[in-house]
Amino acid sequence: MVKEDASGTKHDVLTEAEISAFQLDARVSDVIKHSAIEYGIPVTELRVLDWGCGRGRTVIKLLDNGIDAYGVDIDPVPIRNAASALTMRGHDLQNRLICIGLDCRTPFPDEYFHVVVSDQVFEHVRDLDAMASELARITKIKGAGFHSFPAKWCFIEPHLLIPCVHWLPKNRTRRWYINSMIRQMPLWKNTKGKTTKERVEIFYDYSITKTYYRSLSTMRRILGNRGFKVRLNSNTVAIGRFRLLKKLMPARLRNRVSNNFRSVTLYTTRD
């Protein structure tokens, strides 16, 4: 579920070169530091979970910094591809990166984590309420969350890399559109050597079974119902470049519109 950089994908074995080049998101580091202050403990005493960990690069970086970090993902392939990197560092793969099911249940005790982070994951979760319920169960009181994902109304769908495909209903209309844009689609490892028709079906199946875009109001409601306070990152505002719109729109409406057209970062706190 995690987005990988150009140096490797989740289908490739994680290398030392990739780990060395990978940098933690500064916002994740800030959330972790603030949580340590909130709990009045050293950063190294925090427990952090990466939900949708992929090959575990974030987990490995946190472990290298002395933080008790874990990861979960529904896809066993990237977890297997992290095995050698974890073993070289003396970590047990089975205890650090765990494959979970679509029900989002994890093996961790109640109120286990001080911080939960995710990157490009929420748009892949079919049952967001199940995820929110599990996050509420395993997050400590006053625990923090950092979740970054593409907004429902972003223009270019970030996985298929074509405009507006995720705005279309999940039916023959979407399949037709993917077929018409197939020459613009990315080259995935599992599409190499496939016919055009086969590639269309792979992309279409991915878009209807692996992506679930929701409005921010829906996400706020689902997370709020599970006891989370939700704060939207103001840095997602993108409309500032359109000066006329900026002048004509009230600030509150301008921010709401902007935030639905770009990537979104949600900060959560468990009550």
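Below, each value reflects all heavy atoms present in this structure, side chains not excepted, and no hydrogens, waters or symmetry copies.
- Taking both residues in full, the closest heavy atoms of D73 and G54 are given as OD2-N, 2.8 Å, listed atom of the first, atom of the second, then distance.
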Extract all donor-acceptor atom pairs below 3.5 Å that involve side chains of residues 90-97 and protein atoms in other chains or at least two apart in sequence.
residue, atom, partner, partner atom, Å
D92, OD1, Q94, N, 3.1
D92, OD2, N95, ND2, 3.1
R96, NH1, D68, OD1, 2.7
R96, NH1, A69, O, 2.9
R96, NH2, D68, OD1, 3.4

Evaluation steps, side chain to side chain contact (heavy atoms under 4.5 Å, CB included), between L223 and L266: CA-CA 10 Å; L223 291 166; L266 293 181; 4.1 Å; yes
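- Both V200 and I208 are part of a single hydrophobic cluster, where members link through side-chain heavy atoms under 4.5 Å apart.
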Let me see the working for E123 and H159 under side chain to side chain contact (heavy atoms under 4.5 Å, CB included), right down to the final yes or no. CA-CA 11 Å; E123 79 275 19; H159 306 287; 2.9 Å; yes
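- Salt bridge D50/R57: absent, no basic N to carboxylate O contact under 4.0 Å.
- For the residue pair V165 and R174, the shortest heavy atom distance occurs at O-NE, 3.3 Å.
- How far CD1 of I202 is from CD of E198: 7.0 Å, rounded to the nearest 0.5 Å.
- For Y204, there are no ring pair (Phe, Tyr, Trp, His ring centres under 6.0 Å) partners at least two apart in sequence or on another chain.
- Summarising the hydrophobic clusters (Ile, Leu, Val, Met, Phe, Trp, Tyr; side-chain heavy atoms under 4.5 Å, direct or chained), the residues clustered with M88 are none.
- Taking the charged nitrogens against the carboxylate oxygens, D25 and R27 do have a contact shorter than 4.0 Å, which makes a salt bridge.
- Contact check for I98 versus P107: side-chain heavy atoms found under the 4.5 Å cut-off.
- Atoms CG and OH, on L160 and Y206 in that order, are 8.0 Å from each other to the nearest 0.5 Å.
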Would I32 and L62 satisfy side chain to side chain contact (heavy atoms under 4.5 Å, CB included), going step by step from the backbone distance to the final call? CA-CA 10 Å; I32 291 173; L62 292 173; 3.6 Å; yes
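- F203 and W188 have perpendicular rings, their planes meeting at more than 60° on a 0 to 90° scale where under 30° would count as parallel.
- Atom NZ of K229 and atom NZ of K142 lie 10.0 Å apart (nearest 0.5 Å).
- Without hydrogens or angle criteria, D12 side chain to T9 main chain gives a donor-acceptor distance under 3.5 Å.
- D127 places none of its side-chain heavy atoms less than 4.5 Å from the side chain of L102.
- Among all heavy-atom pairs drawn from S148 and T265, the shortest one is OG-OG1, 3.8 Å.
- With Y267 as the aromatic partner, R231 meets the cation-pi criteria of under 6.0 angstrom to the ring centre and within 45 degrees of the ring axis.
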Step by step, would you call H147 with V121 a side chain to side chain contact (heavy atoms under 4.5 Å, CB included)? CA-CA 8 Å; H147 306 286; V121 173; over 6 Å; no
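- Annotation: side chain of H114 is not in contact with side chain of V48 (no heavy-atom distance under 4.5 Å).
- With respect to E16 and R89, a salt bridge is recorded, a charged nitrogen being found less than 4.0 Å from a carboxylate O.
- With contacts defined as side-chain heavy-atom distances shorter than 4.5 Å, the pair T218/L128 does not qualify.
- For the residue pair V31 and A144, the shortest heavy atom distance occurs at CG1-CB, 3.8 Å.
- Put simply, the residue from R55, K61, K10 that forms a salt bridge (Lys or Arg N to Asp or Glu O under 4.0 Å) with E18 is R55.
- Side-chain contact between Y70 and C53 is absent, with no heavy atoms from C-beta onward closer than 4.5 Å.
- Salt-bridge annotation for K194 and E201: absent, with no side-chain N of the basic residue lying under 4.0 Å from a carboxylate O of the acidic one.
- Across every non-hydrogen atom of D110 and R137, the tightest pair is OD1-NH1, 2.7 Å.
- Considering CZ of F22 and OG1 of T58, their distance stands at 3.5 Å, rounded to 0.5 Å.
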Going by atom type alone, with no hydrogens or angles, which donor-acceptor pairs under 3.5 Å involve a side-chain atom of residues 176-184 and a protein atom two or more places apart or on another chain?
residue, atom, partner, partner atom, Å
Y177, OH, P163, O, 2.6
S180, OG, Y177, O, 2.7

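- Atom CZ of R126 and atom SG of C104 lie 9.0 Å apart (nearest 0.5 Å).
- Checked against ring pair (Phe, Tyr, Trp, His ring centres under 6.0 Å), F228 has no partners two or more places apart in sequence or in another chain.
- What you find for A132 and I222 is that their closest heavy atoms are CB-CG2, 4.0 Å.
- You'll find the side chain of L86 stays beyond 4.5 Å of the side chain of L14, heavy atoms only.
- Between atom CD1 of residue I74 and atom CG of residue D103 there is a gap of 11.0 Å, rounded to the nearest 0.5 Å.
- Side-chain contact between K140 and Y39 is present, with at least one heavy-atom pair separated by less than 4.5 Å.
- L49 is connected to V125 through a chain of hydrophobic side-chain contacts under 4.5 Å among Ile, Leu, Val, Met, Phe, Trp and Tyr, so both are in one cluster.
- Counting heavy atoms from C-beta outward, I79 and D75 have side chains that stay 4.5 Å or more apart.
- For the pair R214 and F122, the cation does not sit on the ring face, since its NZ or CZ is not both under 6.0 Å from the ring centre and inside 45° of the axis.
- Between W167 and W153, the ring-plane angle classifies as perpendicular under the 30° and 60° cut-offs.
- Taken together through direct or relayed side-chain contacts under 4.5 Å among Ile, Leu, Val, Met, Phe, Trp and Tyr, V115 and I67 form part of one hydrophobic cluster.
- Taking a 4.5 Å side-chain heavy-atom cut-off between Ile, Leu, Val, Met, Phe, Trp and Tyr, the cluster of V13 contains only that residue.
- In the hydrophobic clustering of ILVMFWY residues, with side-chain heavy atoms under 4.5 Å counting as a link, L63 and V117 come out apart.
- A donor-acceptor pair under 3.5 Å is formed between the side chain of T211 and the backbone N or O of S207.
- Under the 4.5 Å side-chain contact rule for hydrophobic residues, Y213 and L161 do not share a cluster.
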